[in-house]
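Report on the following structure.
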Amino acid sequence: MNSLTLLVIGICVLALGYRYYGAFLAAKVAVIEAQRPTPAHQFRDGKDYHPTNKWVLFGHHFAAIAGAGPLVGPVLAAQYGYLPGALWILIGSVFAGAVQDFIILHASVRHKGHSISRIAERFLGRTAGWCTTFAVIFVLIVALAGLAAVIVNALSESSWGVFTIACTIPIAFLMGQWMYKIRPGKVAEASAIGVALLIIGVLAGHPVSQSRIADWFRLSPSALQIALATYGFIAAVLPVWMLLCPRDYLSTYMKLGTVALLAVGVVLVHPKLSMTATTQYLRGGPVIPGPVWPYVCLTIACGAISGFHTLIGSGTTPKMISDERDMLPIGYGAMLVEGLVGLLALIAACILNQDHYFGINADPTRFHVSAAVAADLSKLAREVGENTLVGRTGGAVTLAVGMASVFRGLPGMKGMVSYWYHFAIMFEALFILTTIDTGTRVARFILQEILSPVYKRFESGTWLPGVILTSFLVTGSWYYLLRGGTIATLWPMLGLANGLLSVIALAIGTTYIMYRSSKRIYALTTFVPFVYMATTIMTCGVQFTWKLWMGPHKDIVGDVVKIALALAIMSLAVIVSAICAVRWARMLTCPKCGPSETEPERDLMRLAEGIDVGE
């Protein structure tokens, strides 16, 4: 099959979904009211609540939700062939992910821009609010470990890659100083400087990798793990303007520009998909150990449905909605664009020769690489400027090779393969580093709010001892998982945690629609994906924990911790779902019973509401 055919089919499905199903949700289910004042106008303070242009806010929202997940997940799921991943991306994004994002955003806008935990407490009580909050912090810790593992596998023993990524830190610092100290408010200038310096960093990586100082940047996996944890801790403690905000600006340009470039490359080069529609690994393979169902839904989380999006849809975005009509393109449309990103990543992986794909992306202990394939990969490694490509698990290297293969087909680009490859590595790592610094900060804020009843000064985001202690606890937690895990264990855990947060969000969304909609049958728009996701994710959770329990155990303590964490997140989802089911039964058996709402005493995610985090 030609890659252009799959891309055109995908764009048509997403466009039709937005035009008809999205419009139905806006007009009938949510009942958008153009004249209704939004929290951005009601509580305008020039800081958190501020009416924002629809397309500016779309860019902000998309940059916040589109992290590394839609890039890495589809690449790993290519193990099953291009068809399972493509179907789940298209069906999941239209009927599940975009629905969840839109309904949660709508609920937040209609309730003063409150967070999902506060919405849960309002409609379901304090227990549901606490469970949602703990689910969020557990999910963040698991996600940070899983995403960090992708960077470790992509940059291990690669002096060119490590040098380029190391350059992004002083670049972000310079941008922060430029925007807030040297030339306050000159965002365009700072962004232009940042992008130019990034390109220089990529180009300079090659001579550095051939120089005497190359060994300074050639780090082992354990050294990279420590470096990432140290970076996450420092970034979470530093003022937000100094590193986090400039990195967000920088990554936004990189996200939109590179994704657009990849789409243009696929259109112009339109390479053939070398991967078959389905492979012999539908029952599990060397990349993902589980069967195509439910693991394809677990692996491709962020490109189809992501619980993380609820942090944005009930965080900064609802406080910036100027007109309720803007919720459709922002809440529903941005998720469909993320689905398109996932489809492009899947295409980039599937244009590779099948043996090359598994040779790069599979653990060498689980997949035998023939002499012929090893020779091909050795030649390809020299072309992209790496020592080896065999066994570079995690998806990032596979995606970079696929993207470089597309770009080399453009006019005049055949001799630039190594630069395109390292540009793609930098592009992916920049996504993940943004999530690591932002995610660690968000988890730190939530932990501070949880600890504030014990000691009131934890409420303050400027109390340095509390900031350092909570940042250390969060960073130490995900570093512990990272140190003792692999992509084969950490990525399914990330998908499991992310999926369970989606289950919670869809359950809350169903309750909200039953309370607010004129016809309770409209609650099926969230209830059907809730049932599917609950069945899929719980099945996968049981399979995953059973496999961990049965071993073999290289680190029995670490495996017990992973099992306990998985069971904890599953239990929280079950509790919230059970509370919702009781409310649903009450409303259906007692039509005259009115909605039962309680005003939350405090918001457990109050400190984190102004922070964006992409998965």
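Bear in mind the structure is a predicted one, so any value in this text is a computation, not a measurement. The first residue in the sequence is number 1, and the count goes up from there. Scope of the values below: all heavy atoms of this structure, side chains included, with no hydrogens, waters or symmetry mates.
Note that CD1 of I537 is 12.0 Å distant from CZ of F544, once rounded to the nearest 0.5 Å. Rounding to the nearest 0.5 Å gives a distance of 10.0 Å between CG of L228 and OG1 of T440. The OG atom of S156 sits 9.5 Å away from atom CD of E386, with the distance rounded to the nearest 0.5 Å. Distance check: L90 CG to L340 CG gives 9.5 Å after rounding to the nearest 0.5 Å. Expressed to the nearest 0.5 Å, how far CG of L565 lies from CZ of F138 amounts to 6.5 Å. To the nearest 0.5 angstrom, R408 atom CZ is 14.0 Å from Y421 atom OH.
At a threshold of 4.5 Å between non-hydrogen side-chain atoms, the residues C350 and M1 do not count as touching. Looking at heavy atoms from C-beta onward, P84 lies in side-chain contact with T278 at the 4.5 angstrom threshold. With a 4.5 Å cut-off on side-chain heavy atoms, T393 and V287 do not count as touching. Side chains of I360 and L377 form a contact here, defined as non-hydrogen atoms less than 4.5 Å apart. Looking at V139 and L500, their side chains never come closer than 4.5 Å, going by heavy atoms from C-beta outward. No side-chain heavy atom of L494 sits less than 4.5 Å from a side-chain heavy atom of L490. Using a 4.5 Å heavy-atom threshold, the side chains of F367 and N361 count as separate. Counting only heavy atoms from C-beta outward, the side chains of M335 and Y332 never approach each other to under 4.5 Å.
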Where do W549 and D559 land on the side chain to side chain contact (heavy atoms under 4.5 Å, CB included) test, with the steps shown first?
-> CA-CA 7 Å; W549 179 261; D559 287 344; over 6 Å; no

Evaluate side chain to side chain contact (heavy atoms under 4.5 Å, CB included) for V397 paired with N153, printing each intermediate quantity in order.
-> CA-CA 8 Å; V397 171; N153 289 350; over 6 Å; no

Intermediate values then yes/no, side chain to side chain contact (heavy atoms under 4.5 Å, CB included), T164 and I425 = CA-CA 9 Å; T164 302; I425 288 289; over 6 Å; no

Derivation and outcome, side-chain hydrogen bond (donor to acceptor under 3.5 Å, both in side chains), residues Q354 and T279 = CA-CA 9 Å; Q354 187 166 320; T279 68; 5.5 Å; no

Side chain to side chain contact (heavy atoms under 4.5 Å, CB included) assessment of V202 paired with L198 = CA-CA 6 Å; V202 174; L198 268 183; 5.8 Å; no

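Relative orientation of the Y419 and H206 rings is tilted, given thresholds of 30° and 60° on the angle between their planes. Between F58 and F62, the ring planes are parallel. Angles under 30° get that label, and only those over 60° would be called perpendicular.
V390 approaches P364 most closely through the heavy-atom pair CG1-CG, 4.4 Å. Nearest heavy atoms, G395 versus V75: O-CG1, 3.6 Å. H422 approaches W160 most closely through the heavy-atom pair CE1-CE3, 3.1 Å. The two residues V406 and I351 have their closest heavy-atom pair at CG2-CD1, 3.4 Å. Of all non-hydrogen atoms in L282 and Y80, the two that sit nearest each other are CD2-O, 3.7 Å. The two residues Y532 and C297 make their nearest non-hydrogen contact at OH-SG, 3.2 Å.
Looking only at distances, no side-chain donor or acceptor of Y281 sits under 3.5 Å from a matching main-chain atom of G81. The backbone N or O of Q79 sits less than 3.5 Å from a side-chain atom of Y357, completing a donor-acceptor pair. Listed for the T168 side chain is a donor-acceptor partner under 3.5 Å among the backbone atoms of I165. Side-chain atoms of D376 do not come within 3.5 Å of backbone N or O of H356 as any donor-acceptor pair. Distance alone, capped at 3.5 Å, is enough to place a donor-acceptor pair between the S3 side chain and the P271 backbone. In terms of modelled atom types and a separation under 3.5 Å, the side chain of Q100 and the main chain of S306 share a donor-acceptor contact. T230 places a side-chain N or O within donor-acceptor distance of the main-chain N or O of I226, the cut-off being under 3.5 Å. In this structure a side-chain-to-backbone donor-acceptor pair under 3.5 Å is missing from K562 to M493. Listed for the R392 side chain is a donor-acceptor partner under 3.5 Å among the backbone atoms of A154.
Each of D101, N498, T317 was compared with H309 under the side-chain hydrogen bond (donor to acceptor under 3.5 Å, both in side chains) criterion, and only D101 meets it. Exactly one of L262, L346, L71, I89 qualifies for a side-chain contact (heavy atoms from CB on, under 4.5 Å) with V341. That residue is L71.
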